[in-house]
Amino acid sequence: MEFTDYIDQAHDNAVEKGFWDQKREIGTLLMLIVSELGEALEAHRKDRFADLETFDRELLKGESFKEIHKRYLKDTFEDEIADTFIRLFDLCGGLNIAIEDIIQLKMEYNSQREKLHGKKY
């Protein structure tokens, strides 16, 4: 998938599920993104990591995707990082931000900055 496909898919799903039925407040959207990072931190602290190998094996047996996801991926570090991206993609879709272009420009800018961007850490 292209970068913009993820944005479209995340935003379209959020719209379909009713999250954009009313105008969204930017502060709330940003804090929801931050909350996903907090959940990722907690999953990491609890050593909860995705088990994709077992997930794939169980999926081949024909059990429900949703049930297998709950057992091997839900609330893991990787799952929460994915939620962070999904919320960011939804935000970009909702606000019509051409984030791929902005990321490319920012990476070019960062490549020209000094070591540690002139800071101690």
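Throughout, residue positions are numbered sequentially from 1 according to the sequence presented.
Ring pair Phe89/Tyr6 is parallel by interplanar angle, where below 30° counts as parallel and above 60° as perpendicular.
One hydrophobic cluster holds both Leu95 and Ile102 under the rule that ILVMFWY side chains link at heavy-atom gaps under 4.5 Å. Residues Met31 and Trp20 do not share a hydrophobic cluster, defined by chaining ILVMFWY side chains whose heavy atoms lie under 4.5 Å apart. Ile86 is not connected to Ile26 by any chain of hydrophobic side-chain contacts under 4.5 Å among Ile, Leu, Val, Met, Phe, Trp and Tyr, and they are in different clusters.
The distance from atom CG of Asp47 to atom OG1 of Thr76, rounded to the nearest 0.5 Å, is 12.0 Å. Ile103 contributes atom CD1, which lies 10.5 Å from atom CD1 of Ile97 (distance to the nearest 0.5 angstrom). Taken from CG in Asp51 to CZ in Arg71, the straight-line distance is 11.0 Å, to the nearest 0.5 Å. In this structure, the separation between CG on Leu88 and CG on Leu32 is 11.0 Å, given to the nearest 0.5 Å. In this structure, the separation between CG on Leu52 and CG on Leu59 is 11.0 Å, given to the nearest 0.5 Å. Rounded to the nearest 0.5 angstrom, Phe85 CZ and Asp90 CG are separated by 15.0 Å.
Environment of CZ in Arg45: sparse, with no more than 12 heavy atoms of neighbouring residues, nucleotides or ligands closer than 6.0 Å. Surrounding CE of Met1 are more than 12 heavy atoms belonging to other residues, nucleotides or ligands, all under 6.0 Å away.
Partners of Glu36 according to the salt bridge (Lys or Arg N to Asp or Glu O under 4.0 Å) rule, which considers only residues two or more places apart in sequence or in another chain, are Arg87. Residues passing the salt bridge (Lys or Arg N to Asp or Glu O under 4.0 Å) test with Lys46, sequence neighbours excluded: none.
Residues Leu116 and Tyr121 have side chains not in contact (no heavy-atom distance under 4.5 Å, counting atoms from C-beta outward). When side chains are defined from C-beta on, Asp75 does not count as touching Glu42, because their heavy atoms never get closer than 4.5 Å. Proximity of Thr54 to Ile68: side-chain heavy atoms (C-beta onward) are nowhere separated by under 4.5 Å. Here the side chains of Leu41 and Leu37 are not in contact, with every heavy-atom distance at 4.5 Å or above.
Contact between Asp79 and Leu73 at its shortest, heavy atoms only, is CB-O, 3.1 Å. When all heavy atoms of Ile99 and Cys92 are compared, the closest pair comes out as CB-SG, 3.7 Å. Pairing each heavy atom of Arg48 with each of Glu78, the nearest pair is O-OE1, 4.4 Å.
If you check the side chains of Thr28 and Glu25, you find a donor sitting under 3.5 Å from an acceptor. With 3.5 Å as the limit, one finds a donor-acceptor pair spanning the side chains of Glu108 and Gln112.
Screening Glu67, His69, Glu63 for a side chain to side chain contact (heavy atoms under 4.5 Å, CB included) with Glu58, the sole residue that qualifies is Glu63.
Residue pairs meeting the salt bridge (Lys or Arg N to Asp or Glu O under 4.0 Å) criterion with at least one member in residues 5-17: none, sequence neighbours excluded.
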